[in-house]
Visitor: 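Quick one: this structure, given as C-alpha cells, is what I'll be asking you about.
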Amino acid sequence: MAAIPLDLLDRIRELERQVRELAGRSQIRPALTQITRGQVSIGEGGSLRVSAPGGATTFYAGDMGRPRPDGTAQMGLTLSRDDGSVAMAVWAPRPDVQPRQSIEMWDREENSLLAEDALGGLARPYIPYPMPTPEDTLAWASTVSTSWTTLYRGHGHVQHPGLYAYVVAATGTTQIRLLVNGGQVGPESKAGAALEFRAPIGLRFGEVARFEVQARTTTENRPAGCSPRMLYGMRAPTT
C-alpha cells in the first residue's frame with residue numbers, strides 16, 4: 001500500500017468533521033420567537049391561540065365553532081382575561097339568524113357592557129334621550145305639603161354603578177330629593193336650590209330601578225315645584 005502523507009490524512013479527518021457538523025446543523029431549527037419583517041399568514045381555516053401560564057386562553061383567532069347556514073366556518077376573534085373570562089369577541093353568536101358579525105364586550109360577571117348592532121350603531125348600552133319638560137314653572141308638578149311628596153316617577157335598567165341627577169326648583173321654598181327603589185340616593189337640596197349630585201346607585205347591573213323625585217315646601221301653604229332635567233348612569237364616584 002502506498003504511503004499516504006500525514007497532512008493528507010489530517011485534511012480528510014477535518015473534512016469528515018465539517019461534514020458531520022453541517023449534517024447536525026441541518027437538523028436544528030431556530031426558535032421562531034421574533035418576526036422583524038414581513039407578515040404571518042394563517043389560512044385554510046387555521047387558528048392562532050395564546051394561553052396564560054395556567055392554561056387559560058387569552059387570545060384566539062380562528063374558527064368560532066358556529067358555522068354559517070351554508071356550512072362554512074365562521075372565522076372570528078376573542079380576547080379574554082388571564083382567568084379565562086371572555087372580555088371581547090368579534091363574531092355572530094347565531095349566524096343562522098343574523099349572519100353579520102358584531103363586536104361585544106363583557107364584564108367579569110358576563111354582563112354585556114358594549115355591543116354593536118349588526119344593522120349598525122349601538123345595541124348596548126341603552127342610552128335614553130332626556131325627556132323635554134315645560135319651560136313654564138307653573139306647569140311643573142308641585143305640592144303645598146311640608147312632607148315629602150312624589151311628583152315624578154319613572155323606571156330604568158341599571159347599567160352603571162353610579163348615578164348623576166340634576167333637578168331644578170320652581171320656587172324658593174322648594175326642597176328636593178331622589179329615591180331609588182324606595183331609598184334615598186344623594187343628598188336633599190337646600191330650599192330653592194337645584195338638586196345636583198353624583199352618587200352610587202346601590203343596585204346591580206341589569207336590575208330595574210324605580211326613580212321617584214320628591215319635593216316638599218319649607219313654608220306652609222307655599223307651593224314647592226320642580227322639574228327633572230338630567231338623570232344619567234355614570235362611572236361610580238371615587239370619593
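Keep in mind that the numbers below use all heavy atoms, side chains included, and drop hydrogens, waters and symmetry copies. Source: prediction; values computed, not measured.
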Visitor: Is there a donor-acceptor pair under 3.5 Å between the side chain of Glu104 and the backbone N or O of Ala115?
Guide: no

Visitor: Sub-3.5 Å donor-acceptor pair from the side chain of Arg68 to the main-chain atoms of Pro99, do we have one?
Guide: yes

Visitor: How about CZ on Arg222, more than 12 heavy atoms from neighbouring residues, nucleotides or ligands closer than 6.0 Å, or not?
Guide: no

Visitor: Determine, stepwise, if the pair His157 / Val208 fulfils side chain to side chain contact (heavy atoms under 4.5 Å, CB included).
Guide: CA-CA 5 Å; His157 292 281; Val208 175; 3.9 Å; yes

Visitor: Around atom CD of Glu110, are there more than 12 heavy atoms of other residues, nucleotides or ligands at under 6.0 Å?
Guide: no

Visitor: For Thr171 versus Pro223, what's the shortest heavy-atom pair and its separation?
Guide: OG1-O, 2.9 Å

Visitor: Using atom types as modelled and distance alone, determine if a side-chain donor or acceptor of Trp140 lies under 3.5 Å from a backbone N or O of Pro134.
Guide: yes

Visitor: If you take all heavy atoms of Cys226 and Tyr152, which pair is closest and at what distance?
Guide: O-OH, 2.7 Å

Visitor: Provide the closest heavy-atom pair for Pro67 versus Pro95 in the form atom of the first, atom of the second, distance.
Guide: O-CG, 3.3 Å

Visitor: Which atom pair, heavy atoms only, marks the closest approach of Ser47 to Gly62?
Guide: CB-CA, 3.8 Å

Visitor: Does Glu109 use its side chain to pair, donor to acceptor, with the backbone of Asn111 at less than 3.5 Å?
Guide: no

Visitor: Kindly indicate whether the side chain of Gln101, heavy atoms from C-beta on, has any atom under 4.5 Å from the side chain of Gln74.
Guide: yes

Visitor: Please examine the side chains of Leu163 and Tyr232, heavy atoms only from C-beta on, and report whether any two atoms are closer than 4.5 Å.
Guide: no

Visitor: Any Lys/Arg nitrogen of Arg124 or Glu116 sitting under 4.0 Å from an Asp/Glu carboxylate oxygen of the other?
Guide: no

Visitor: Just by distance, do the side chain of Thr149 and the backbone of Ser147 share a donor-acceptor pair under 3.5 Å?
Guide: yes

Visitor: Does a side-chain heavy-atom distance below 4.5 Å link Met64 with Thr78?
Guide: yes

Visitor: Are any of the side-chain heavy atoms of Ser51 and Phe59 separated by less than 4.5 Å?
Guide: no

Visitor: May I ask you to test the Val158-Ile201 pair for a side-chain heavy-atom distance under 4.5 Å?
Guide: yes

Visitor: Could you check whether Asp83 pairs with Arg108 (Lys NZ or Arg NE/NH1/NH2 to Asp/Glu carboxylate O, under 4.0 Å)?
Guide: yes

Visitor: Less than 4.5 Å apart, side chain to side chain, heavy atoms only: is that true for Leu151 and Trp148?
Guide: no

Visitor: With distance as the sole test, does Arg216 use its side chain to make a donor-acceptor pair with the main-chain N or O of Ser145 at under 3.5 Å?
Guide: no

Visitor: Of Glu188, Arg177, Gln175, Arg153, which meets side-chain hydrogen bond (donor to acceptor under 3.5 Å, both in side chains) against Gln214?
Guide: Arg177

Visitor: One pair to check against side-chain hydrogen bond (donor to acceptor under 3.5 Å, both in side chains): Thr217 and Thr146. What are the steps and the verdict?
Guide: CA-CA 5 Å; Thr217 182; Thr146 55; over 6 Å; no

Visitor: So that I can tick it off, tell me whether Glu14 and Arg17 are bridged by a salt bridge, with the cut-off set at under 4.0 angstrom between side-chain N and carboxylate O.
Guide: yes

Visitor: Run the side chain to side chain contact (heavy atoms under 4.5 Å, CB included) test against Ala194 and tell me which residues pass, sequence neighbours left out.
Guide: Tyr166, Val168

Visitor: Would you kindly say whether Arg229 and Ser227 are connected by a side-chain donor-acceptor distance under 3.5 Å?
Guide: yes

Visitor: Cut-off 3.5 Å, side chains only: do Thr58 and Ser80 have a donor facing an acceptor?
Guide: no

Visitor: Under 4.5 Å between any side-chain heavy atoms of Pro200 and Pro161, yes or no?
Guide: no

Visitor: Examine distances only and state if a side-chain atom of Asn181 and a backbone atom of Arg210 form a donor-acceptor pair shorter than 3.5 Å.
Guide: yes

